[in-house]
Amino acid sequence: MSDDSIIPSIDALFEDLMHPNPRIQEEACLILSEHYQKEAMPKLLELFCHHDPKVYRAAVKGIGFFGSSAFDPLIELYATTENQTARRCCPKAFVQLFKNFPDQPFPDSVMEMLEQGIDDTDMVVVQGALMCLGQIGKQQFKSEEAIRLLARSLSSENVALIFSASQALADIPNPMAEDALHKLQENNDDPLIQEAAQSALARLQNLLNSRS
């Protein structure tokens with residue numbers, strides 16, 4: 001791609017971004033992030049408001065290739081947008097970023113946004129934030145902070161939130177995650193929460209066994 005004459009136009013790449021073939025989508029994302037970062041990022045963020053799930057999901061996937069340059073724009077969008085679809089897309093975009101750049105440090109402002117996200121009234125935003133924290137918990141940077149936030153969620157009165165947080169902890173091979181799940185099991189009489197804790201602990205144990 002060193003020869004500019006063979007780089008597709010930004011319009012052509014945005015068409016490819018909507019292609020049903022994930023390989024074509026991914027190639028378009030990579031070229032946009034490498035060659036059109038300044039022009040493409042605002043356009044992708046605008047698509048977070050789109051009514052068509054295919055469009056905003058593609059935009060979320062696209063932003064996931066932009067690395068740390070996307071952090072502040074996403075935090076700002078989450079804090080300022082009045083469009084609920086866009087708010088829901090922001091934590092999902094961070095999930096993509098953490099998957100694509102697992103060794104990249106990120107600022108405290110990201111953790112602050114996710115902490116707000118798990119307290120959001122919209123459960124889709126909450127689920128996205130929990131997914132992010134689960135991803136961070138498996139990585140080098142801010143792992144323990146992510147586990148603490150997930151563990152704090154286990155004291156919620158919302159059973160759905162407890163279940164999602166416990167499942168996120170089940171994917172983190174860390175003694176802190178195991179300890180939080182044991183406490184959840186020991187400190188609750190609710191059969192649904194007991195079941196969530198047991199399921200998460202079994203899953204975590206399988207994960208730990210597979211790594212040993």
Side-chain angles (χ1 to χ4, degrees), residues 1 4 6-102 104 106-107 109-136 146 149 153 158 160-161 164-165 167-168:
M1 289 290 177
D4 285 351
I6 63 168
I7 297 170
S9 70
I10 190 169
D11 291 338
L13 290 167
F14 268 85
E15 285 182 21
D16 284 348
L17 188 64
M18 305 303 158
H19 199 282
N21 185 322
R23 289 187 180 179
I24 293 174
Q25 266 195 343
E26 193 163 306
E27 180 68 15
C29 294
L30 282 167
I31 299 171
L32 284 168
S33 66
E34 289 172 4
H35 296 281
Y36 295 106
Q37 190 164 117
K38 284 186 179 178
E39 306 98 306
M41 194 184 304
K43 288 176 177 283
L44 288 167
L45 292 174
E46 282 177 21
L47 293 178
F48 279 20
C49 299
H50 204 280
H51 62 89
D52 186 342
K54 184 181 84 169
V55 174
Y56 62 69
R57 284 173 187 156
V60 165
K61 185 175 182 179
I63 283 288
F65 287 83
F66 281 70
S68 59
S69 62
F71 288 170
D72 287 344
L74 282 170
I75 291 167
E76 183 180 357
L77 180 63
Y78 177 80
T80 59
T81 185
E82 294 181 1
N83 183 285
Q84 200 58 25
T85 300
R87 278 177 64 80
R88 290 172 170 181
C89 284
C90 290
K92 292 178 180 178
F94 272 108
V95 171
Q96 295 297 318
L97 285 162
F98 299 147
K99 284 181 180 176
N100 293 337
F101 300 93
Q104 189 169 67
F106 45 91
S109 53
V110 174
M111 299 304 289
E112 289 166 12
M113 189 204 93
L114 296 177
E115 189 170 2
Q116 292 171 18
I118 56 176
D119 290 330
D120 202 281
T121 54
D122 186 319
M123 277 306 293
V124 178
V125 174
V126 173
Q127 296 283 0
L130 291 172
M131 285 174 65
C132 284
L133 291 168
Q135 194 72 33
I136 295 167
L149 286 173
S153 300
N158 184 329
L161 175 56
S164 297
Q167 292 303 301

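Using a 4.5 Å heavy-atom cutoff, the side chains of T85 and C49 are not in contact. Within the 4.5 Å cutoff, the side chain of V125 has heavy atoms near those of the Q84 side chain. The side-chain heavy atoms of M123 and V126, taken from C-beta on, include a pair separated by under 4.5 Å. Taking 4.5 Å as the limit, some side-chain heavy atom of L161 sits within range of a side-chain heavy atom of L130. In this structure, the side chains of L32 and Q37 stay at 4.5 Å or more apart for every pair of heavy atoms. Proximity of K99 to Q135: side-chain heavy atoms (C-beta onward) are separated by under 4.5 Å at one or more points. Looking only at side-chain heavy atoms (C-beta outward), Y78 and D120 come within less than 4.5 Å of each other.
In this structure, F94 has its ring center at least 6.0 angstrom away from the ring center of F106.
Between C29 and the options D16, L13, L44, L17, a side chain to side chain contact (heavy atoms under 4.5 Å, CB included) holds for only L17. Each of M113, Q104, E76 was compared with F71 under the side chain to side chain contact (heavy atoms under 4.5 Å, CB included) criterion, and only Q104 meets it.
Rounding to the nearest 0.5 angstrom, the gap separating the CG atom in L74 from the CG atom in L97 is 6.5 Å. Taken to the nearest 0.5 Å, the CG atom of N158 stands 12.0 Å off from the CD1 atom of I118. Note that CD of E15 is 7.5 Å distant from OG of S9, once rounded to the nearest 0.5 Å.
Applying the side-chain hydrogen bond (donor to acceptor under 3.5 Å, both in side chains) test to pairs two or more places apart or on separate chains, none has a residue in residues 40-56.
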**OP:** Please lay out, stage by stage, how T81 and F48 fare under the test side chain to side chain contact (heavy atoms under 4.5 Å, CB included).
**Re:** CA-CA 10 Å; T81 185; F48 279 20; over 6 Å; no

**OP:** Before giving the answer on side chain to side chain contact (heavy atoms under 4.5 Å, CB included), spell out for K92 and V124 the whole-Å C-alpha distance, their side-chain angles and the decisive distance to 0.1 Å.
**Re:** CA-CA 10 Å; K92 292 178 180 178; V124 178; 3.8 Å; yes

**OP:** List the steps, then state whether side chain to side chain contact (heavy atoms under 4.5 Å, CB included) holds for M18 with L47.
**Re:** CA-CA 11 Å; M18 305 303 158; L47 293 178; 3.9 Å; yes

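A salt bridge links R88 to D122: at least one charged side-chain nitrogen sits closer than 4.0 Å to a carboxylate oxygen.
Closest approach of N100 and G64 over heavy atoms only: ND2-O, 2.8 Å. Between P91 and G128 the shortest heavy-atom distance is CB-C, 3.6 Å. Closest approach of L133 and M111 over heavy atoms only: CD2-CE, 3.9 Å. Taking both residues in full, the closest heavy atoms of S33 and F65 are given as CB-O, 3.4 Å, listed atom of the first, atom of the second, then distance. Between A129 and L114 the shortest heavy-atom distance is CB-O, 3.8 Å.
Under a 3.5 Å cut-off, the side chain of E26 and the backbone N or O of P22 do not form any donor-acceptor pair. Between the side chain of S69 and the backbone N or O of F66 there is at least one donor-acceptor pair closer than 3.5 Å.
One side chain, K61 or Q25, offers a donor N or O that lies under 3.5 Å from an acceptor on the other.
More than 12 heavy atoms of other shown residues, nucleotides or ligands fall within 6.0 angstrom of atom CD in E39.
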